[in-house]
> 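Sending over a structure as structure tokens; questions will come in a sec.
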Amino acid sequence: MSDAAQIRLEPSWKARIGDYLVRPEMQALAAFLRAEKQAGKRIYPPGPEIFAAFAHTPFDAVRVVILGQDPYHGPGQAHGLCFSVRPGVRVPPSLENIFKEIQRDLDIARPDHGCLTPWADRGVLLLNSVLTVEEGRAGSHQGKGWEGFTDAAIDALGREHEGLVFLLWGSYAQRKGQLIDTRKHCVLKSVHPSPLSAHRGFLGCGHFSAANRYLEAHGQAPIDWSLPPRAALGDGFTPA
């Protein structure tokens with residue numbers, strides 16, 4: 001990965017996984033991304049937001065981890081946080097179901113936008129397994145090198161922290177969750193919140209209240225899962 005990419009990685013994360021960026025497979029990934037852009041392909045999220053999950057949630061601030069697969073591939077959607085979209089962008093169906101479950105579980109009203117940056121700033125690492133995607137082609141950057149990098153991030157969290165909550169929704173996230181020591185951390189599993197599967201167990205899972213109960217039992221403050229109204233967000237949803 002290029003020097004610029006290393007600089008964009010938040011310092012506390014760079015100290016732990018920055019060395020991974022200079023590995024041969026990451027150099028190959030950087031070359032692939034450059035070639036795709038030179039070929040005129042549109043890549044999401046924009047370059048400065050590729051590492052937004054790390055920018056908003058420094059290593060020592062992480063309390064909950066939500067694992068996604070890869071970024072949204074529609075125009076203007078992805079901004080570096082899994083399941084999140086920019087203010088003003090239509091809320092995707094999976095995120096609608098997440099909001100439905102939060103309302104059912106915690107009686108928190110659905111927000112008027114889908115920007116989850118406030119969660120990230122409160123200690124919820126919103127991490128996709130693959131950090132880039134080609135416009136209109138879901139999964140197009142899988143197997144190009146990102147998975148090893150995000151595995152390294154999860155491994156570092158698991159080793160250096162205790163008492164984290166991992167929310168693993170769907171088989172893809174659950175396979176990646178095999179890295180997590182369940183003796184040290186709370187791992188909550190469910191089907192994916194997509195419309196295809198949400199009614200088979202995600203809606204009704206109670207993960208948000210369960211995460212807070214676990215945090216409180218381990219001497220940590222619960223997560224505030226509410227979101228401010230769109231009007232209060234301004235433009236403060238880009239990486240720090």
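Predicted, not measured: the structure shown is a model, and the values here were computed from it.
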> Begin with the C-alpha distance, continue with both residues' side-chain angles, and end with the deciding distance and a verdict on side chain to side chain contact (heavy atoms under 4.5 Å, CB included) for I43 and E36.
CA-CA 8 Å; I43 306 301; E36 292 289 278; 4.1 Å; yes
> Would you mind reporting whether S194 and P93 have side-chain heavy atoms less than 4.5 Å apart?
no
> Which heavy-atom pair separates R63 from R122 by the least distance, and what is that distance?
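Looking at all heavy atoms of both residues, the closest pair is NH2-O, 2.6 Å.
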> Taking all non-hydrogen atoms of both residues into account, name the closest pair between L188 and A210 and its distance.
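Closest pair (atom of L188, atom of A210, distance): CD1-CB, 3.9 Å.
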> Could you give the distance from CG (D224) to CD1 (I108), rounded to the nearest 0.5 Å?
6.5 Å
> Under the criterion side chain to side chain contact (heavy atoms under 4.5 Å, CB included), I'd like the reasoning laid out for H73 against R137: C-alpha separation, chi angles, the key distance, then a yes or no.
CA-CA 6 Å; H73 54 83; R137 294 188 61 216; over 6 Å; no
> Using atom types as modelled and distance alone, determine if a side-chain donor or acceptor of E10 lies under 3.5 Å from a backbone N or O of W13.
yes
> Would you confirm whether the ring centroid of F83 sits within less than 6.0 angstrom of the ring centroid of W169?
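Yes, they do, as the ring centres are separated by less than 6.0 Å.
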> Of the non-hydrogen atoms in V133 and P71, which two are nearest, and what is the gap between them?
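Scanning both residues completely, I find the closest heavy atoms to be CG1-O, 3.7 Å.
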> Answer with yes or no whether the side chains of W146 and T132 bring together a donor and an acceptor at under 3.5 Å.
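W146 and T132 do have a side-chain donor-acceptor pair below 3.5 Å.
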> Is N97 reaching over with its side chain to a backbone N or O of A198, donor-acceptor style, under 3.5 angstrom?
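No.
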> Under 3.5 Å, is there a donor on one side chain and an acceptor on the other for T150 and K176?
yes
> Hey, does R42 have a side-chain heavy atom less than 4.5 Å from the side chain of E134?
no
> Is the closest side-chain heavy-atom distance between L203 and K100 below 4.5 Å?
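Side chain of L203 against side chain of K100, heavy atoms only: contact under 4.5 Å found.
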> Quick one: does any side-chain atom of Q77 pair with a main-chain N or O of G74 as donor and acceptor, under 3.5 Å?
yes
> Side chains of I180 and Q178: does their closest heavy-atom pair fall under 4.5 Å?
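SC-SC contact between I180 and Q178 ruled out.
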> Can R86 and E49 be said to form a salt bridge (charged side-chain N to carboxylate O under 4.0 Å, His left out), step by step?
CA-CA 12 Å; R86 296 174 178 280; E49 296 180 331; 2.7 Å; yes
> Under 4.0 Å between a Lys/Arg side-chain N and an Asp/Glu carboxylate O for E160 and R16?
yes
> Honestly curious: do L67 and V62 fall in one hydrophobic cluster under the side-chain, below-4.5 Å linking rule?
yes
> About how many Å separate CD1 of I17 and CE of M26, when rounded to the nearest 0.5 Å?
8.5 Å
> Show, in sequence, the C-alpha distance, side-chain angles and deciding distance for Q27 and V22, and conclude whether the side chain to side chain contact (heavy atoms under 4.5 Å, CB included) test is met.
CA-CA 6 Å; Q27 299 292 329; V22 301; 4.3 Å; yes
> NZ/K14 to CG/D19 distance, rounded to the nearest 0.5 angstrom?
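Going from the NZ atom of K14 to the CG atom of D19 covers 10.0 Å.
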> Would you say that V64 contacts W119 through its side chain, given a criterion of any heavy-atom pair below 4.5 Å between the two side chains?
no
> Compare all side-chain heavy atoms of V187 with those of L168 and state whether any distance is below 4.5 angstrom.
yes
> Using modelled atom types and a 3.5 Å cut-off, is there a donor and acceptor pairing between side-chain atoms of R34 and backbone atoms of L29?
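Pair absent, no side-chain N/O of R34 close to backbone of L29.
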> What are the two closest non-hydrogen atoms of P228 and H113, and how far apart are they?
O-NE2, 2.7 Å
> Following the transitive rule for hydrophobic clusters with a side-chain heavy-atom cut-off under 4.5 Å over Ile, Leu, Val, Met, Phe, Trp and Tyr, establish whether V165 and L116 coincide in one cluster.
yes
> Please report the interatomic distance CG(N212) to CD(Q220), rounded to the nearest 0.5 Å.
10.5 Å
> Decide yes or no for V85 and Y72: does some side-chain heavy atom of the first lie under 4.5 Å from some side-chain heavy atom of the second?
yes
> Check for a donor-acceptor pair, side chain of K184 on one end and backbone N or O of G158 on the other, with a separation under 3.5 Å.
yes
> Would a hydrophobic clustering, with Ile, Leu, Val, Met, Phe, Trp and Tyr connected at side-chain separations under 4.5 Å, put L9 with L33?
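Yes, it is one cluster - the side chains of L9 and L33 are joined through contacts under 4.5 Å.
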> How long is the straight-line distance from CG of D70 back to OG of S140, given to the nearest 0.5 Å?
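CG of D70 is found 7.0 Å from OG of S140.
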> Between F59 and Y20, is there a shared hydrophobic cluster once you connect ILVMFWY residues whose side-chain heavy atoms come closer than 4.5 Å?
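Shared cluster, yes.
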> Might you point out which heavy atoms bring G68 and C82 nearest each other, and give the distance in Å?
N-SG, 3.9 Å
> When rounded to the nearest 0.5 angstrom, what is the spacing between OH in Y214 and CG in L164?
7.5 Å
> Take a 6.0 Å sphere around CG of D107 and say whether it holds more than 12 heavy atoms from other residues, nucleotides or ligands.
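Incorrect, the count does not exceed 12.
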> Determine whether a donor-acceptor pair (N or O, by modelled atom type, separation under 3.5 Å) exists between the side chain of D105 and the backbone of S209.
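Confirmed, D105 side chain pairs with S209 backbone.
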> Going only through I, L, V, M, F, W and Y residues with side-chain contacts under 4.5 Å, is there a path from Y44 to F54?
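No; tracing contacts between hydrophobic side chains, which count when under 4.5 Å, never links both residues.
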> Tell me whether E96 is salt-bridged to R110, with the criterion being a basic N under 4.0 Å from an acidic carboxylate O.
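Between R110 and E96 there is a salt bridge, with a charged N closer than 4.0 Å to a carboxylate O.
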> If you measure from the Lys or Arg side-chain nitrogens to the Asp or Glu carboxylate oxygens, is any gap between R104 and E101 under 4.0 Å?
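The answer is yes: the pair qualifies as a salt bridge.
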> Do H141 and F32 have their ring centres less than 6.0 Å from each other?
yes
> Within the 3.5 Å criterion, strictly below it, is a donor on T117 or H56 matched to an acceptor on the partner's side chain?
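The criterion, which ignores hydrogens and geometry beyond distance, is not satisfied for H56 and T117.
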> Quick check: does any side chain N or O of S12 sit under 3.5 Å from a backbone N or O of P58, one acting as donor and the other as acceptor?
no
> Can you list the steps and then say if I223 with L215 is a side chain to side chain contact (heavy atoms under 4.5 Å, CB included)?
CA-CA 8 Å; I223 299 293; L215 291 172; 3.8 Å; yes
> Tell me the closest heavy-atom pair linking L233 and C115, and the distance in Å.
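Closest pair (atom of L233, atom of C115, distance): CD1-CB, 3.9 Å.
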> Just by distance, do the side chain of E147 and the backbone of V130 share a donor-acceptor pair under 3.5 Å?
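No: the side chain of E147 does not pair with the backbone of V130.
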> For residues R230 and P111, determine if any side-chain heavy atom of one lies less than 4.5 Å from a side-chain heavy atom of the other.
no
> Would you say the ring centroid of F202 lies under 6.0 angstrom from that of H192?
no
> Donor-acceptor check, side chain of T57 to backbone of A120, threshold 3.5 angstrom: yes or no?
yes
> Going through the checks in order, is the side chain to side chain donor-acceptor pair (under 3.5 Å) test met by H207 and S190?
CA-CA 9 Å; H207 279 184; S190 169; 5.1 Å; no
